[in-house]
2 protein chains.
Amino acid sequence: MTKARVTVIDIAKAAGVSKSTVSLVLQGSSLVHEGTRSKVNAVMRELGYVYNRGAANLRQAGAKSRIVGVVVNDLTNSFFAELAVGVDMVVQSAGFVQFLSNTSESIDRQREVVASMREHGISGLIVSPARATDAADFKPLVAAGIPVVVVVRNLPGAKVSSVVSDNRAGMMSAVEHLAELGHKRIAFLGGFPDTAVFDDRLAGYRSGIEAAGIDYHQELVISSAPSRAGGVEAIGKAIVLADKPTAAVCFNDAVAFGVCDGLRARRLEPGSDFAVVGFDDVIEAQAAVPALTTVSVDPQGIGRRGAQLLLKQINAGKAEAETVITAVRLVVRESCGARKSVKVETGL
Amino acid sequence: MTKARVTVIDIAKAAGVSKSTVSLVLQGSSLVHEGTRSKVNAVMRELGYVYNRGAANLRQAGAKSRIVGVVVNDLTNSFFAELAVGVDMVVQSAGFVQFLSNTSESIDRQREVVASMREHGISGLIVSPARATDAADFKPLVAAGIPVVVVVRNLPGAKVSSVVSDNRAGMMSAVEHLAELGHKRIAFLGGFPDTAVFDDRLAGYRSGIEAAGIDYHQELVISSAPSRAGGVEAIGKAIVLADKPTAAVCFNDAVAFGVCDGLRARRLEPGSDFAVVGFDDVIEAQAAVPALTTVSVDPQGIGRRGAQLLLKQINAGKAEAETVITAVRLVVRESCGARKSVKVETGL
DNA sequence: TGACAGAATTGGAACGTTCCAAATATTTTG
DNA sequence: CAAAATATTTGGAACGTTCCAATTCTGTCA
């Protein structure tokens, strides 16, 4: 057990050069003689030197720690796990490492986590903000010159970059698809109305029915928690309307699954008796029964785009807030009734 | 945009005390007078001070950075995502943050990632090692006094702590369950034979059939990649045996899903025509058709246990290698044929 | 050969914190 | 009230790196 850490000074001593030269080697400077460089490298290997980024970071004040913080609200949700993987891919290949934390939708936790990351000197932050995050919450970060990229959920009013999926277009295509299948009474179920994502998706819904020549009916928009339980609740309200809907687009897949549960509890089969479309295309969507028709959003792609944007801003020193909207596409499976339940898995 | 960072010296100046006193306040020392403490705290808030852990860390050489590294081989797999969440829970509440990285089973990536984490001064490492990781690979870490906890897959020969599920007991209970259902020819399908996990699960299989008074037949053990495709391959070999099996325990759920695919491709229905049992209880297992009977391992629990063990070792300064085996339990669903396919979801 | 340019190297000083030993203020005690 | 004990506070000197300006080495050219 080696007690003393090997430092740049030990290397210098052993290689017969000064610490400055070793430092130059470390930074790959072209100023050092080829022979010296290789000797120093050899000694470093031999003594088992490990670079102390903390110390380096301290000196080059404000410069880059090569750490990016990643904050998501639910890593258990495969959507966010994929997102984190996407971020990791680009971040890692740029020689950065990621600090990843999970807020579980808790705004206090988010604050703690971000503060902690800041203490550790992150060079940038990618965050999928917890619900009800204050737009001003990341103000201090950007004021300190730390770029912030918001993903998945945008933060209207905050002057930060964001990468979100095309919620409007996605929901619109879902509605149009249902209209093409002949549905006239299409409900919009689930989601909290106080969020930007909700607004976007609802706007897409309205454009969709308008494009299909259907009138908008206020009572067909039923909000609820964006969860499975919320879906059950929403379909419960929808089904007792005087003029019942025959189809629904849901705020997200979780709600859609809940809607399916609620339909079954009323002896209605999703797909054949009532068309259901989700949003997100979580991993369970294709394995479910019936397989869920949904809008696929490629969380990994969002992660990659977000990371790229962040790295760009980090390198640029300071960049303007920028918004990226990633494309989505409707994946037609069974729950919309367009296809019979054909359970053939290739597997080969 | 504040150009200059606020330091402990600025606080000291503004509060009319010395930097040492500020430092004492920072550390919550009981040496400082109550009045002084609150004044300093007030000034810190006012000036927007942010603690520089890097600098602190530099001084208390070797001491704790309050960063733990977490390395998994596939974050996309919900099993590992859950694990990471478990780690995050305990690590976060202990005031640590986690560096999380994904190796995608690449041993080079693993090496890079671990090296990078080390440069950043992690106080401990939790790793689910990529396949074929050399037992000696973490030697330098522990030599430097950085505790390492290996999870999920153990590393025989490495002198590090580990937290693994009870593979032996789990597989044994799966086999016993099938035997109770009347099966005599039970195959063991999938997995790479060069891994410790494989050995354990196979040993459990052997104990299980022995306990049931069934003879062991070499040809019923068919290894393959531990993936869906591997499962298809393995069942393909099993089904053409002279004396066909009527049931199979699989190396993991992915293999089990592949086995189901392969059965269907041969017009056999998993559950009724052939019993299939998986291992892991991934999130898709209960939503699949038929719902998969499998051995549930609680990855989040493993994450928590691993983190606790790591923190213990970090606090102890140095601890002996310790092995924790977490309990598993068989979850009986449909694919073993014990139950009819009853599709009732409560949802409420 | 001496001056000069370029290449390679180098000794501090700094970064923001913690630690130590020592100094000062406050209280207690005989 | 002096001395002793206790409670607070405090200036440096670290920690391991990078940066700067300055230095020492090379060779080149007139």
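Given the structure is predicted, the values throughout are model-derived calculations rather than measurements. To find a chain, count down the sequence lines: A is the first, B the second, and so on, and within it residues start at 1.
- Applying the ring-ring contact (aromatic ring centres under 6.0 Å, His included) rule to pairs touching residues 14-37 of chain A yields nothing, sequence neighbours excluded.
- Residue B/S23 places at least one side-chain N or O under 4.0 Å from the OP1 or OP2 atom of C/dT18.
- Rounded to whole Å, atom C1' of C/dC15 lies 10 Å from atom CG of A/N57.
- For B/R111, the side chain to side chain donor-acceptor pair (under 3.5 Å) criterion is met by B/D137, not counting sequence neighbours.
- Comparing D/dG16, D/dT10, C/dT17 against the side chain of B/V8 picks out C/dT17 as the nearest.
- Distance check, rounded to the nearest 0.5 Å: CG of A/L75 to CG of A/L100 gives 5.5 Å.
- Contact annotation: A/Q60 side-chain N/O to D/dC19 OP1/OP2 distance is under 4.0 Å.
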TODO: Please assess A/S165 against A/T326 for the test side-chain hydrogen bond (donor to acceptor under 3.5 Å, both in side chains), listing each intermediate value before the final yes or no.
DONE: CA-CA 5 Å; A/S165 49; A/T326 65; 5.0 Å; no
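- One atom, CG of B/N52, and another, P of C/dA14, lie 18 Å apart when rounded to the nearest Å.
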Which donor-acceptor pairs under 3.5 Å do the side chains of residues 305-316 of chain B make with protein atoms, sequence neighbours left out?
{"residue": "B/K312", "atom": "NZ", "partner": "B/E322", "partner atom": "OE1", "Å": "3.0"}
{"residue": "B/K312", "atom": "NZ", "partner": "B/E322", "partner atom": "OE2", "Å": "3.3"}
{"residue": "B/Q313", "atom": "NE2", "partner": "B/S161", "partner atom": "OG", "Å": "2.6"}
{"residue": "B/N315", "atom": "ND2", "partner": "B/L311", "partner atom": "O", "Å": "3.2"}

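- Side chain of A/Y49, nearest nucleotide from D/dT17, D/dC19, D/dT10: D/dT17.
- Residues satisfying the side chain to side chain donor-acceptor pair (under 3.5 Å) criterion with B/E119, sequence neighbours excluded, are A/R53.
- End-to-end axis angle of the helix from C/dT1-D/dA30 to C/dG30-D/dC1, using five pairs per end and rounding to 10°, comes to 60°.
- Here the straight-line distance linking atom CG of B/D10 with atom OH of B/Y49 works out to 9.5 Å at 0.5 Å rounding.
- In this structure, B/T7 reaches the sugar-phosphate backbone alone: every heavy-atom distance under 4.0 Å involves primed, P, OP1 or OP2 atoms, never a base.
- Closest to the side chain of A/L26, out of C/dT17, D/dT18, D/dT10, is D/dT18.
- Remark: P of C/dG16 and CZ of A/R53 are 20 Å apart, rounded to the nearest angstrom.
- Distance alone, capped at 3.5 Å, places no donor-acceptor pair between the B/N154 side chain and the B/P156 backbone.
- When the side-chain nitrogen and oxygen atoms of A/Q27 are compared with OP1 and OP2 of D/dT17, none of them lie within a distance under 4.0 Å.
- Evaluation of the ring-ring contact (aromatic ring centres under 6.0 Å, His included) rule for B/F138 yields no partner, not counting sequence neighbours.
- Applying the side-chain hydrogen bond (donor to acceptor under 3.5 Å, both in side chains) rule to pairs touching residues 80-100 of chain B yields A/R109-B/Q92, B/D88-B/Q92, B/D88-B/Q98, sequence neighbours excluded.
- Here D/dT18 is the nucleotide among D/dT10, D/dT18, C/dG16 with the atom lying nearest to any side-chain atom of A/K19.
- Not counting sequence neighbours, the partners of B/S128 by the side chain to side chain donor-acceptor pair (under 3.5 Å) test are B/N73.
- When each of C/dT10, D/dC19, C/dT17 is scored by its nearest atom to the side-chain atoms of A/S18, the top-ranked nucleotide is C/dT10.
- What separates CG of B/L58 from P of C/dT17 is a distance of 12 Å, to the nearest Å.
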Quick test: give all pairs of protein nitrogen or oxygen and nucleotides 20-27 of chain C nitrogen or oxygen below 3.5 Å, distance rounded to 0.1 Å.
none

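- In this structure, the separation between OG on A/S162 and CD1 on A/I325 is 8.0 Å, given to the nearest 0.5 Å.
- Computed from coordinates, the B/L24 CG to D/dT9 P distance equals 9 Å when rounded to whole Å.
- For A/R59 against D/dT17, a side-chain-to-base donor-acceptor contact under 3.5 Å is absent.
- Applying the side chain to side chain donor-acceptor pair (under 3.5 Å) test to B/R153 and every residue at least two apart in sequence or in another chain returns B/E105.
- Listed by residue number, the members of residues 9-16 of chain B with any heavy atom below 4.0 angstrom from DNA chain D form an empty set.
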Task: Step-by-step side-chain hydrogen bond (donor to acceptor under 3.5 Å, both in side chains) determination, A/E34 to A/S38 - done: CA-CA 6 Å; A/E34 202 40 65; A/S38 49; 5.2 Å; no
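- For the contact set between residues 29-40 of chain B and DNA chain D, defined by any heavy atom under 4.0 Å, the members are B/L31, B/V32, B/H33, B/T36.
- No side-chain donor-acceptor contact under 3.5 Å links B/S104 to the backbone of B/S106.
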